Amino acid sequence: MSDATAESAPSYRYTAELAGQIEQRWQEHWDSTGTYHAPNPVGPLAGAVPEDKLFVQDMFPYPSGAGLHVGHPLGFIGTDVFARYHRMNGRNVLHTMGFDAFGLPAEQYAVQTGQHPRKTTEDNIQTYLRQIRRLGLGHDERRRIATMDPDYYRWTQWIFLRIFHSWYDEKAGKARPITELEAEFAQGKRATPDGRGWCELTHAEQQAVLNDYRLVYLSDAPVNWVPGLGTVVSNEEVTADGRSERGNFPVFRRNLRQWMMRITAYADRLIDDLDRLEWPDKVKAMQRNWIGRSHGARVSFPVADSAIEVFTTRPDTLFGATYMVLAPEHPLVDTIAAAEWPDDVDPRWTTGAETPGTAIAAYRRAASMKSDLDRQENKEKTGVFTGAYATNPVNGASIPVFVADYVLMGYGTGAIMAVPGQDQRDWDFATAFGLPIIRTVAPPEGFDGEAFTGDGAAVNSGFLDGLGVDEAKKTMIAWLEENGHGNGTIQYKLRDWLFSRQRYWGEPFPIVYDEDGTPVALPESMLPVELPDVDDYSPKTYDPEAADTEPSPPLSRATDWVEVELDLGQGRKTYRRDTNTMPNWAGSCWYQMRYVDPTDDQRFCEPENERYWLGPQSPGDTGGVDLYIGGVEHAVLHLLYARFWQKVLFDLGDVTAEEPYRRLYNQGMIQAYAYTDERGVYVEASEVVERDGKYFHGDRRVRQEYGKMGKSLRNVVTPDEMCAAYGADTFRMYEMSMGPMDVSRPWATKDVVGAQRFLQRLWRNLVDEETGETRVTDTDPDETTLRALHKAIAGVHEDYANLRYNTAGAKLIELNNHVTKNFPGGAPRVVAEAMVQMLAPLCPHIAEELWSKLGGPKSLAHGPFPKADERYLVEDSVEYPIQVNGKVRGRITVPAAASQDEVKAAALAEEKVAALVGDSTPKKVIVVPGRLVNIVL
RNA sequence: GCCCCCGUAGCCCAACAGGCAGAGGCAGCCCCCUUAAAAGGGGUCGAGUGCCGGUUCGAAUCCGGUCGGGGGCACCA
């Protein structure tokens with residue numbers, strides 16, 4: 001048998017080939033028997049549902065052309081193990097995966113090749129499906145969805161209309177149907193903006209009023225226009241240096257008529273409800289930071305006939321406001337600017353210009369030409385005096401008003417009161433311009449910094465003197481409100497969500513415009529509004545720097561589609577369709593609900609099914625997906641938008657869950673080494689060898705880098721290669737044992753063999769490699785083995801439940817090593833069965849195969865899973881290490897039931913310890929039950 | 001600049017809630033099987049927890065400082 005070639009491994013050794021056969025066979029079996037179908041309470045997928053359910057979800061992938069590398073499935077396998085563990089323990093588990101199918105790459109490919117994005121995307125989806133099927137993921141494939149399917153985006157459009165037909169009632173603190181607002185106007189319960197009666201307004205005027213309340217509304221406010229992409233993008237899609245996240249093009253602020261989602265109405269709830277979620281602190285912090293709630297006051301500073309409104313978080317420092325600053329774009333700049341400089345003007349304030357007017361114009365021009373990057377990198381304070389003076393309301397002081405670009409139009413009121421004593425930016429400006437600095441909070445003794453931002457007693461502040469910062473703020477706000485100079489207020493960084501894109505490959509808006517240009521919502525019966533075919537998929541793109549260009553979306557050129565004749569209740573009329581598409585985030589804002597009811601054509605999700613899978617599980621619970629795994633890169637965008645939609649639908653009574661994702665878990669990134677040669681060109685990482693700590697590609701010395709896996713770095717390893725070389729179970733086992741799920745770590749192909757060897761050993765303990773027959777025995781395992789077994793069972797339960805797959809795997813290896821060592825003739829049946837059951841969540845195929853070899857009745861997918869017997873978890877006797885002054889000096893073994901005094905006596909009697917203690921009396925003897933004894937001399 | 005996370009054998013990682021630093025894997029070393037080979041079998045070696053200080057009978061674990069790595073935000077008033 002052993003004298004032939006390399007093929008001469010025993011016929012039933014668990015090799016990659018055998019693993020592959022087993023895996024394919026079981027995948028087909030699962031498929032054909034619908035093993036992972038999870039029944040719904042009602043509807044097409046209805047079945048008998050256990051009360052105990054679990055909804056596990058992966059952040060669904062955008063199917064890119066490159067397919068998956070080994071980093072992608074980490075989370076997919078993680079959710080699968082979790083799902084399998086709970087399914088085996090009797091829960092009704094919903095786990096599936098769909099595709100975030102709209103997106104720019106397919107559209108760009110279409111622009112280049114003319115291939116319809118749908119075709120590209122469908123092909124890519126097939127690749128993804130092939131790859132994930134090979135991994136043996138237990139998905140309910142009946143629930144697969146793709147956001148580009150009209151059956152799916154019909155409901156995305158439907159939800160858009162629900163939001164469109166709603167407004168936020170601040171008093172009630174929730175969204176309500178817009179018809180109720182309209183009724184309030186019509187009944188005169190609510191005044192129109194200009195005081196006319198509702199009936200006196202034209203239809204278009206009425207609609208314009210309602211537009212200002214709708215949760216999704218048309219706005220002419222400044223948006224981020226990216227000529228290089230030919231589209232606008234949201235604030236969240238603009239990087240810190242003012243460029244587009246996609247394509248890295250310059251972004252320009254332009255006033256364009258666009259759809260906005262009134263996410264700001266939910267700012268408080270989006271922040272406050274974070275406390276109710278089981279999410280990583282890091283993600284919560286990022287969301288809080290993004291929403292940026294700050295408490296403070298609005299204060300009005302009179303200047304000539306008008307007044308400058310400022311927002312400040314430090315009203316307690318008002319007495320130290322020695323000047324004011326307006327953003328260059330602030331509308332009041334022109335109003336208040338003086339015609340001439342005052343006689344004694346500081347030359348630093350004028351930039352040498354003849355008049356304030358010319359100085360301001362020059363400064364504005366210079367500011368507008370500075371890119372955001374320049375403004376950021378160059379923090380030198382610049383500015384120019386307006387020639388005007390404002391009055392500080394607390395003390396009547398006359399303070400100069402400047403224009404400076406360190407104040408941003410986009411935050412607060414675009415104007416500030418400057419308190420150099422308590423704000424470093426103001427300090428810097430004041431120093432550069434020779435402005436007075438008044439401290440209003442006493443810094444601690446020995447403070448040698450500039451602006452002091454800490455807590456302390458108020459000074460130079462009239463009626464605030466002596467108060468701490470918090471108390472002083474309250475007192476000042478009360479004073480401002482009493483005297484009509486301002487009021488306490490809350491400011492947010494969060495802006496409304498720009499919701500239109502000038503692209504082809506996205507959801508069309510279910511909106512048409514009438515002859516007045518008033519938007520009209522299409523009735524539900526006309527959904528979906530399907531994407532028309534076009535000749536040219538590209539929006540008109542421009543020179544990236546051409547700020548003054550206009551968006552021209554591809555749909556606007558589908559003239560037959562744009563112009564429609566419809567009867568929308570006023571007889572047949574011609575309307576124009578909205579030619580924008582929704583942003584890529586729309587489809588992922590609600591997909592968990594469609595997973596629940598993927599084939600329902602009456603509702604986006606049947607209420608009973610929603611309540612069962614996503615509803616609150618206890619009073620105060622937010623509801624939502626039980627476990628949501630994905631990368632931390634979606635911390636703000638997707639997760640904030642999805643929470644917002646969820647809350648609107650909750651307010652409208654469409655869903656019972658207040659939050660989409662009750663528990664969130666971020667998987668770590670699998671990174672990899674990459675190598676560059678002397679020219680800096682990447683070489684194939686798999687061909688690099690290490691010699692004496694140096695790296696070589698052939699004979700050439702190469703340099704090692706560490707980072708993401710990517711085609712351009714030539715360091716991609718695919719799950720396909722790994723499955724071919726080792727089998728899917730080995731690959732799964734390896735990925736899960738590399739470390740905790742949330743830790744990023746380097747990929748190491750050479751380590752995969754460890755997982756392979758484990759499975760081979762386990763297989764060999766149960767199966768004769770020569771004959772394929774089982775070799776389990778019916779002998780009763782000894783006490784030690786039973787203890788090892790039940791300890792493993794208890795530990796593995798806990799590890800699986802807490803996503804600690806690396807330690808669960810280690811415990812299985814440990815147990816298997818015990819079997820190898822103690823049962824060379826084959827594993828005792830009870831141990832073998834439990835081991836296979838415990839292995840199943842991690843390595844489902846080999847577990848199924850072994851289970852059936854052991855005579856298990858059917859698939860292991862729904863259990864059983866072993867339970868630990870308490871009897872074997874408690875020890876009869878315990879070994880105590882004896883420390884003398886904290887160092888281990890000896891050991892004793894005593895019955896587990898021994899009292900502390902008995903343990904103490906035994907410890908002191910121990911030979912080596914007794915020698916050390918000698919005649920002296922120990923100061924203290926500490927007995928930690930079950931752990932150790934420490935004798936302090 | 002502000003905020004957050006992480007530093008344990010050559011490498012990836014364990015150590016429940018302060019209690020014997022090691023569960024597991026890779027690599028190394030030794031032995032076995034083999035004409036030979038290894039994705040074969042058995043065994044074995046290996047760090048005092050980045051550094052300094054504190055609390056404690058006892059610190060990888062808690063506290064303060066410091067160094068190194070990673071991430072987020074960034075003229076947000």
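Given the structure is predicted, the values throughout are model-derived calculations rather than measurements. Convention: sequence-line order gives letters A, B, ...; per-chain numbering from 1.
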For [N] and [M], measure between their [atom1] atoms and round to the nearest Å.
N     : M     : atom1 : result
B/C11 : B/C52 : C1'   : 28 Å
B/C63 : B/U55 : P     : 16 Å
B/U66 : B/C73 : C1'   : 24 Å
B/C20 : B/U49 : P     : 15 Å
B/G48 : B/U61 : C1'   : 14 Å

[Y] versus [X], side-chain donor and acceptor atoms under 3.5 Å:
X        : Y        : result
A/Ser744 : A/Gln671 : no
A/Gln704 : A/Tyr675 : yes
A/Asp496 : A/Thr264 : yes
A/His818 : A/Thr785 : yes
A/Tyr406 : A/Asp428 : no

Assign [X] to base, sugar-phosphate, or nothing according to its heavy-atom contacts below 4.0 angstrom with the strands shown.
X        : result
A/Ile926 : base
A/Lys821 : sugar-phosphate
A/Asn289 : sugar-phosphate
A/Ala418 : nothing
A/Ser294 : sugar-phosphate
A/Val743 : sugar-phosphate
A/Ala415 : nothing
A/Gln756 : base
A/Glu798 : nothing
A/Ser744 : sugar-phosphate
A/Lys282 : sugar-phosphate
A/Val928 : base

What is the distance, rounded to the nearest whole Å, between atom [atom1] of [X] and atom [atom2] of [N]?
X        : N     : atom1 : atom2 : value
A/Met733 : B/C26 : CE    : P     : 11 Å
A/Leu762 : B/G25 : CG    : P     : 13 Å
A/Met835 : B/G24 : CE    : C1'   : 15 Å
A/Asp742 : B/C13 : CG    : P     : 11 Å
A/Gln424 : B/C75 : CD    : C1'   : 11 Å
A/Asn806 : B/A15 : CG    : C1'   : 12 Å
A/Lys923 : B/U56 : NZ    : P     : 14 Å
A/Asn816 : B/G25 : CG    : P     : 10 Å

Per [X] side chain, nearest of listed nucleotides [options]:
X        : options             : result
A/Thr312 : B/C75, B/A77, B/A39 : B/A77
A/Val407 : B/C12, B/A77, B/G58 : B/A77
A/Gln883 : B/C20, B/G24, B/G72 : B/C20

Any [X] side-chain N or O less than 4.0 Å from OP1/OP2 of [N]:
X        : N     : value
A/Asn817 : B/G25 : yes
A/Arg745 : B/C13 : no
A/Arg764 : B/G41 : yes

Practice task
Classify the side chain of A/Lys381 versus the base of B/C75 as yes if they form a donor-acceptor pair under 3.5 Å and no if they do not.
Solution key: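 Yes, the side chain and the base share a sub-3.5 Å donor-acceptor pair.
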Problem - Side-chain donor/acceptor of A/Asp751 to base of B/C26, under 3.5 Å - result: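 No pair found.
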Practice task
Using the closest heavy atom to pick a nucleotide of RNA chain B for each, name whichever of A/Met738 or A/Tyr880 lands nearer the 5' end.
Solution key: A/Met738
Practice task
With RNA chain B as reference, determine whether A/Pro881 or A/Met417 sits nearer its 5' end, using the nearest nucleotide of each.
Solution key: A/Pro881
Problem - More than 12 heavy atoms of other groups within 6.0 Å of A/Lys284 NZ - result: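 Yes, the 6.0 Å shell around NZ holds more than 12 heavy atoms from other groups.
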Exercise for the section: Starting at OH of A/Tyr734, measure out to OH of A/Tyr726 and round the result to the nearest 0.5 Å. Expected result: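 A/Tyr734 OH to A/Tyr726 OH: 10.0 Å, rounded to 0.5 Å.
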Exercise for the section: Specify the glycosidic conformation (syn or anti) of B/G48, with syn defined as within 90° of 0. Expected result: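 Syn.
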Exercise for the section: May I ask you to say whether A/Arg288 pairs ionically with A/Asp281, meaning some side-chain N is under 4.0 Å from a carboxylate O? Expected result: no
